Every structure is written in C-alpha cells, then in structure tokens.
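On a predicted model such as this, the values are computed, not experimentally measured, just so you know.
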Amino acid sequence: MNVRIAELNLFPVKGCRGIALKEATLSATGLEVDGIGDREWVVVDDEGEFVSQREYPRMALIETRLTSTSLLLKAPGMLLLDVPLDSEGDVVEVRVWNDRVSAVTQGEIAGAWLSRYLGVPARLMRFDYEGKRLAAHRYTGSVDAPFKFADAFPLLVTNTASLAELNGRLQRQGEAAAAMSRFRPNIVLDGPPAFEEDYFKLLRTGGIAIRPVKPCARCSVPGVDPASGEHSPLLTDALAAFRATPDGVMFGVNAIVVEGAGGTLRVGDAVEVELRF
C-alpha cells in the first residue's frame, strides 16, 4: 500500500483557523514551526474556561499567521491583531475540559479584540512552558505523551479516502462535499482505504514513529462551515448515520509520538503503516 502525507496543518490558536504547511517539526507535543506548537494559544471566557467553535462558530473565521516575532489574527470587520511572541504576562490557571492548565496572559489588547469579535468577555492565553499536560495513560500505556491546549492528544490523523466516503454520501443526499479542514487534522494521509485508520497500530516515516491510540469522537465542530462560520447539522448527521459507536461518532484517530521527536515531516513523505491485525 502506497501511503503518503497529503497535508500537514498547524493550529496555533485552539478553535481558530489553521495554517497549511509544507513541512513541520514533530515534537513530543505535536507539530511545531520555529518552536511554535499546535494549540499553543487558547481563548478563554471571564471564568477561565476555554471556548471554541462549539459555542462560537464564528471562531472559524479567525485567520492565524505566524511571523518571526508575532502571532497575527485577522477576522471579518476587525483590524489585524499583532500579538508579540515575547509577550510576558501573569501565569494563571485555565480549564480545558477536566484539566486545569497553567497559562500565560497575552495582554489587554488581545482580550479586547477577542471580546469585541465574539461579543462576550474573552482573553487570549498561551501555554506555560513550565507547566505540563499529559494524555491519559489508559490510552498511551507507559508512554508519557505531553500536549498543549488540544482536547486530549498531541496529534489527529485523518485519511482522504474516509472523507471521500463521507462526501459520496453527502452528495447522494444532494448536499455539497465537505473540506477536510472541517475535521481540523494535523496529519492527513492519502493511500489507505476508507476508515482503515481505525486499525492503524503504528505509522513510520524516516526515524519517526507515531502511534494511533484512540479513534476520535467528533463533536459539533465539523458541522461548522469554515468559509462562513455558520453551523449546520447536515454533515454530522450524515457521519452519524454510518460511523456512530457507543463511544461517539468517529472520524480520524488521535495519536502520540513514540520515536523521532525533533524530526521533520514533509508533505509527500512516504509512510509505512502497521495494522493491528
């Protein structure tokens, strides 16, 4: 089976648009570019609880860009926000699901920008490098798998054939095909049959080894159109019709890094797939 990396995507701010990459460093916490990691920043409400497209679908319209000195945010009707990478703020605790995570405040200007755009009090927070957050050992076994503000794991891997299967069903219902960006994956593979990722045991490329540890149960976010920032249940309903399990509606697999942290992944790289049977 000829399997290659079709896409690499970094999401600097949880819940906002990602950045398509040609190559990325693979750290233990997921993809990185010039030391900036996946879900490095998070938006929280006035109680320190993270917010996302689940509550505010318009976050899908917030574009992210990285320069050598800044995180840049752009959104409809808003001036460009420049958040210096050397911003120093207070270290506070925020909540991401059931985790209490140490984070660094990113200033009043960023908070005012997000509050105005979302229409509710909001703040931008950056992951505290002196803190640590680990994926649940019941999935990772003896491996300590650190990650930042992602939901629960360092990486999400999807498969182009699986999206094609879903899109075929959508189009037979008279609906438009969906882009892979709705599922917010870090690594998109091309080559495996549809939903064979459910059975991935290990992915190898060069000196890098990535272990899928859990199918990804999907929430309402794939129902948000990244072009309009509007939510519709059509996609999630179509997916649930054939991908529902007792643990949720599945698309893609969560994964951890087991070898080769610090190595480089590139679009087009060949991937060796080991299955669980």
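- Val188 is not listed as a side-chain neighbour of Asp190, based on a closest heavy-atom distance of 4.5 Å or more.
- A donor-acceptor pair under 3.5 Å links the side-chain atoms of Asn167 to the main chain of Ala178, judged by distance alone.
- At least one side-chain heavy atom of Phe251 sits under 4.5 Å from a side-chain heavy atom of Leu163.
- Two residues are said to be in side-chain contact when any heavy atoms from C-beta on lie closer than 4.5 Å; Leu265 and Leu31 meet this criterion.
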Checklist entry - Could you walk me through whether Val33 and Ile19 pass the side chain to side chain contact (heavy atoms under 4.5 Å, CB included) check? => result CA-CA 10 Å; Val33 173; Ile19 301 171; over 6 Å; no
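- In this structure, CD on Glu63 lies 9.5 Å from CG on Leu80, to the nearest 0.5 angstrom.
- By the 4.5 Å heavy-atom criterion applied to side chains, Leu203 and Val3 are not counted as neighbours.
- Residues Val221 and Arg54 approach most closely at CG2-CG, 3.6 Å, considering heavy atoms.
- The two residues Arg204 and Ala209 make their nearest non-hydrogen contact at NH1-CB, 3.7 Å.
- Taking the side chain as every heavy atom from C-beta outward, Lys148 and Lys14 never approach each other to under 4.5 Å.
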Item to check | Val249/Thr236 under side chain to side chain contact (heavy atoms under 4.5 Å, CB included): CA gap, chis, key distance, verdict | outcome: CA-CA 8 Å; Val249 178; Thr236 48; over 6 Å; no
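- Taking hydrophobic clusters as Ile, Leu, Val, Met, Phe, Trp and Tyr residues chained together by side-chain heavy-atom distances below 4.5 Å, Met78 shares a cluster with Val51.
- Arg133 places a side-chain N or O within donor-acceptor distance of the main-chain N or O of Ala150, the cut-off being under 3.5 Å.
- For the atom pair CG (Asn254) and CG (Asp151), the distance works out to 8.5 Å, reported to the nearest 0.5 Å.
- Of all heavy-atom pairs between Gly18 and Phe11, the closest is CA-CD2, 3.4 Å.
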Checklist entry - Between Glu32 and Leu10, does a side chain to side chain contact (heavy atoms under 4.5 Å, CB included) hold up when you go through it step by step? => result CA-CA 7 Å; Glu32 283 189 356; Leu10 182 80; 5.7 Å; no
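- Listed here is the closest heavy atom pair of Thr140 and Ala145: CG2-CB, 4.0 Å.
- For the pair Ser162/Glu197, a side-chain contact is recorded, criterion being any heavy-atom separation below 4.5 Å from C-beta on.
- For the pairing with Leu26, the side chain to side chain contact (heavy atoms under 4.5 Å, CB included) check across Leu8, Leu155, Thr264 returns one residue only, Leu155.
- None of Leu114, Val13, Val43 except one satisfies the side chain to side chain contact (heavy atoms under 4.5 Å, CB included) rule with Ile62; the exception is Leu114.
- To the nearest 0.5 Å, atom OG of residue Ser68 and atom CG of residue Leu85 are 8.0 Å apart.
- The backbone N or O of Pro193 sits less than 3.5 Å from a side-chain atom of Asn159, completing a donor-acceptor pair.
- A cation-pi arrangement is present between Lys214 and Tyr139, with the terminal nitrogen or guanidinium carbon under 6.0 Å from the aromatic centre and inside a 45° cone about the axis.
- Pro212 approaches Phe200 most closely through the heavy-atom pair CG-CB, 3.6 Å.
- Taken together through direct or relayed side-chain contacts under 4.5 Å among Ile, Leu, Val, Met, Phe, Trp and Tyr, Leu118 and Leu61 form part of one hydrophobic cluster.
- Between Ala177 and Gln171, the closest heavy-atom pair is CB-NE2, 3.6 Å.
- Thr205 places no side-chain N or O within donor-acceptor distance of the main-chain N or O of Ile208, the cut-off being under 3.5 Å.
- Note on Leu21 and Trp41: same hydrophobic cluster, where clusters join Ile, Leu, Val, Met, Phe, Trp and Tyr whose side-chain heavy atoms are under 4.5 Å apart, directly or indirectly.
- Taken together through direct or relayed side-chain contacts under 4.5 Å among Ile, Leu, Val, Met, Phe, Trp and Tyr, Val213 and Val253 form parts of separate hydrophobic clusters.
- Counting only distance, with no hydrogens or angles, the side chain of Arg39 and the backbone of Phe149 share no donor-acceptor pair below 3.5 Å.
- Other residues, nucleotides and ligands place more than 12 heavy atoms under 6.0 Å from the CZ atom of Arg266.
- Residues Phe277 and Val273 fall within the same hydrophobic cluster, defined by Ile, Leu, Val, Met, Phe, Trp and Tyr side chains chained together at heavy-atom separations under 4.5 Å.
- Not a single donor-acceptor pair under 3.5 Å links the side chain of Gln173 to the backbone N or O of Leu170.
- Under a 3.5 Å cut-off, the side chain of Asp99 and the backbone N or O of Val101 do not form any donor-acceptor pair.
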Item to check | Worked verdict on Met250 versus Leu239 for side chain to side chain contact (heavy atoms under 4.5 Å, CB included) | outcome: CA-CA 8 Å; Met250 304 300 181; Leu239 185 63; over 6 Å; no
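- Atom OG of Ser220 is separated from atom CG of Leu235 by 11.5 Å, given to the nearest 0.5 angstrom.
- With Asn186 contributing its side chain and Leu156 its backbone, the two residues share a donor-acceptor pair below 3.5 Å.
- Around the CG atom of Leu275, the shell of radius 6.0 Å holds more than 12 heavy atoms that belong to other residues, nucleotides or ligands.
- Atom CD of Glu108 sits in a sparse spot, with 12 or fewer heavy atoms from other residues, nucleotides or ligands closer than 6.0 Å.
- Salt-bridge annotation for Asp198 and Arg243: present, with a side-chain N of the basic residue lying under 4.0 Å from a carboxylate O of the acidic one.
- Proximity of a side-chain donor or acceptor of Thr105 to a complementary backbone N or O of Asp90 within less than 3.5 Å is detected.
- Interatomic distance, CG of Leu81 versus CG of Leu71, reported as 7.0 Å (0.5 Å rounding).
- For the pair Arg58 and Tyr117, the cation sits on the ring face: its NZ or CZ lies under 6.0 Å from the ring centre, inside 45° of the axis.
- Annotation: side chain of Glu230 is not in contact with side chain of Pro57 (no heavy-atom distance under 4.5 Å).
- A donor-acceptor pair is defined here as one N or O able to donate and one able to accept, closer than 3.5 Å; no such pair exists between the side chain of Arg211 and the backbone of Val258.
- Remark: Phe242 CZ is packed, more than 12 non-hydrogen atoms of other residues, nucleotides or ligands lying under 6.0 Å away.
- Residues Asp38 and Pro154 are not in side-chain contact: their nearest non-hydrogen atoms beyond the backbone lie 4.5 Å or more apart.
- Rounding to the nearest 0.5 Å gives a distance of 11.5 Å between NZ of Lys74 and CG of Leu79.
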